[in-house]
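Everything below concerns the one structure shown next.
Hydrogens, waters and symmetry mates play no part in the numbers below; they use all other heavy atoms, side chains included.
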There are 2 protein chains.
Amino acid sequence: MQSYTEENYLKTIYHLAEKTTNVQTNAIAEQMQTKPASVTDMIKKLAEKGLIDYVKYQGVTLTETGKNTAIDIVRKHRLWEVFLVDKLNFKWDEVHDVAEELEHIKSVELIERLDEFLGFPRTDPHGDPIPDKNRRFAKTQFIKLIELKTGESGTITGVSQHSSPFLKHLEKLGLTLGKQIQVSDVTDFDGSVEIRISDKQVNISREVAKHILISSNGKN
Amino acid sequence: MQSYTEENYLKTIYHLAEKTTNVQTNAIAEQMQTKPASVTDMIKKLAEKGLIDYVKYQGVTLTETGKNTAIDIVRKHRLWEVFLVDKLNFKWDEVHDVAEELEHIKSVELIERLDEFLGFPRTDPHGDPIPDKNRRFAKTQFIKLIELKTGESGTITGVSQHSSPFLKHLEKLGLTLGKQIQVSDVTDFDGSVEIRISDKQVNISREVAKHILISSNGKN
DNA sequence: AATAATTTTTAGATTTACCTAAAAATAAAA
DNA sequence: TTTTATTTTTAGGTAAATCTAAAAATTATT
């Protein structure tokens, strides 16, 4: 049985481990808005419980058990996000904080029934994959919009940034999940990208283009 | 901003206050499965925060603010129970523990939207009234089944005991909310009650009859 | 009213998750 | 390869919510 805080540490380590193999103390501290000294304390505790492997000064990795716990939390978080958007009409930029609380509700039965009630969704409102109850993720093949060349097109299927301002910005531009887009030009000057969406032309900054994920369907 | 624990104390005090005016330390301790000494500590804290009135050795009463907080938690608890039963097909004896966790999720927006999603229910799966967002309860007029005389009838509209064994027992006997019943006999020997429900005869103990709530529609 | 029983509070500790400040280990730069 | 900078850990402390054991206040009983 893990505490709320332990679960948040595991989740944070899980997400950081998607980028680097060995997750460092400072990285965890920054992500969790706490101090490195506090992280060291917690790390020791999680290591003792067999949830992470820890070698002093070398960072940590999740054990099988730790990873499973983390995936369960990710699953719960994303299912609750689907619930909030699909059933309670929240916007995709409004769900994160509430889901952050709901993800810690413990009942397994609850999540299985919620999953069913939602029709076993495979992605959350930001396009992130939802692991099934056996913790398996559907394979996804994303390309960052920034990587598309002029003339190439695809469908918006995810975002790699969940901040409310960013998501509101996309919403305003009509860049929501499922929309078909085509790159009509890439500006030399600032790297901003001109795209065509529903017969309108929209210009987005390089920074924005980096965080939009496209499932490509080649040129056409 | 209250902690999870503070909220539970307020809720407990609120429920105990339905029976006695001044809520005693020991009563709180028993209900919360903790020790009187711990209760004294917490009571002082809640009093300092202006959530309860507290005179040493005299027990406590909720202030306006404290009562409002408690009602908000009761509202959340009962709405979540409706969600679990109506939408996720939980049985009425399975919802308490999960709702006990869900009631502490903080978002006001969430609860308002959940309320709407559920169609603004006025009672929970056990017949308990759900306060509206202005914290007003619908007036309810219950009689205990035990108080009905032979020949009198009514509709089962609530239970005053939420334990899983009790609720499962009622379920097995077909004594669920909305069912029409008529008292056909009261046994002299042990005070058990013979009732007619959907043309079947069922015998229930005095103890069970005490905890079934009836909205009476007189003799007929 | 005095004594006994019960209830409540105080005193002093413990655990969890934090913190600051300083020391130690590792990594980067001269 | 020293020196410097960065990262991480240790040491010692705090606040929240609990505990046990003992003292104090209240209530009940003789």
Side-chain angles (χ1 to χ4, degrees), chain A residues 1-17 19-62 66 69-70 73 100-101 103-104 106, chain B residues 1-17 19-62 66 69-70 73 100-101 103-104 106:
Chain A
M1 190 88 294
Q2 281 94 34
S3 75
Y4 186 104
T5 310
E6 286 170 5
E7 288 190 350
N8 280 334
Y9 270 91
L10 292 173
K11 188 183 59 161
T12 297
I13 294 166
Y14 175 79
H15 285 309
L16 289 170
K19 291 170 185 173
T20 46
T21 326
N22 263 45
V23 179
Q24 282 165 301
T25 305
N26 274 358
I28 299 170
E30 192 191 11
Q31 196 67 34
M32 305 256 330
Q33 313 238 60
T34 184
K35 303 288 147 155
S38 311
V39 174
T40 303
D41 285 349
M42 180 56 84
I43 270 174
K44 283 182 187 166
K45 192 175 158 195
L46 293 173
E48 260 169 38
K49 289 193 174 189
L51 295 161
I52 58 176
D53 290 318
Y54 167 49
V55 182
K56 267 189 193 172
Y57 294 100
Q58 300 304 127
V60 301
T61 53
L62 292 170
T69 307
I73 299 162
E100 206 75 2
E101 290 188 61
E103 72 189 7
H104 299 290
K106 284 189 288 286
Chain B
M1 189 88 296
Q2 281 93 32
S3 74
Y4 186 103
T5 311
E6 285 171 6
E7 288 190 352
N8 280 333
Y9 270 90
L10 293 173
K11 188 183 57 161
T12 297
I13 294 165
Y14 175 79
H15 286 308
L16 290 170
K19 292 170 186 173
T20 46
T21 326
N22 263 44
V23 179
Q24 283 165 299
T25 305
N26 274 359
I28 299 171
E30 193 190 9
Q31 196 68 32
M32 306 254 332
Q33 313 236 62
T34 185
K35 305 287 149 158
S38 310
V39 173
T40 303
D41 285 348
M42 179 55 84
I43 268 175
K44 284 183 189 166
K45 192 176 157 192
L46 293 173
E48 263 170 38
K49 289 193 174 190
L51 296 161
I52 58 176
D53 291 318
Y54 167 50
V55 182
K56 267 189 195 175
Y57 295 99
Q58 301 306 127
V60 301
T61 52
L62 291 170
T69 307
I73 299 162
E100 206 74 2
E101 289 188 61
E103 72 189 8
H104 299 290
K106 285 189 290 286

Whole-Å distance, A:I28 CD1 to C:dC18 C1', equals 16 Å
Between CE of A:M42 and C1' of C:dC19 the distance, given in whole Å, is 14 Å
Quick one: is B:Q24 getting a side-chain N or O under 4.0 Å of the C:dT8 phosphate, OP1 or OP2?
yes
In whole angstroms, the gap separating C1' of D:dA16 from CG of B:L46 amounts to 13 Å
**Item:** Under 4.0 angstrom between A:T34 side-chain N/O and C:dC19 OP1 or OP2
**Value:** yes
Within residues 50-59 of chain A, the residues having a heavy atom closer than 4.0 Å to DNA chain C are A:Y57
Taken to the nearest whole Å, CG/B:D41 to P/D:dT20 is 13 Å
To the nearest angstrom, the CG-P distance between A:N26 and C:dA25 comes to 18 Å
To the nearest angstrom, the CG-C1' distance between B:N22 and D:dT26 comes to 14 Å
When rounded to whole Å, the CD1 to P distance for the pair A:I43 and D:dT10 reads 11 Å
Smallest heavy-atom separation, A:E100 atom then A:Y4 atom, equals O-OH, 4.4 Å
Could you tell me whether the side chain of B:Q2 reaches within less than 4.5 Å of the side chain of B:L51, counting heavy atoms only? yes
Residues at least two apart in sequence or cross-chain that pass salt bridge (charged side-chain N to carboxylate O under 4.0 Å, His left out) with A:E103, listed by chain then number, are A:K11
Closest non-hydrogen atoms of B:A70 and B:Y14, given as atom of the first, atom of the second and distance, are CB-CB, 3.6 Å
**Prompt:** Using a cut-off of 4.0 Å on non-hydrogen atoms, how would the nucleic acid contact of B:Y4 be classed: base, sugar-phosphate, or nothing?
**Reply:** nothing
Worksheet item: Would one find a side-chain N or O of B:S38 under 4.0 angstrom from OP1 or OP2 of D:dC19?
Response: yes
Q.
On the nucleotide C:dT9, are OP1 or OP2 found under 4.0 Å from the side-chain N or O atoms that B:T25 carries?
A. yes
Subject >> Side-chain heavy atoms of A:H104 within contact of A:N8, under 4.5 Å >> reply: yes
To the nearest angstrom, the NZ-P distance between A:K44 and D:dT8 comes to 14 Å
Practice item. Have a look at B:T5 and say if it touches a base, only the backbone sugar-phosphate, or nothing, with a 4.0 Å heavy-atom cut-off. Key: sugar-phosphate
Applying side chain to side chain contact (heavy atoms under 4.5 Å, CB included) to B:D53 and not counting sequence neighbours gives B:T61, B:T63
Between A:P36 and A:A29, the two heavy atoms sitting closest are N-CB, 3.7 Å
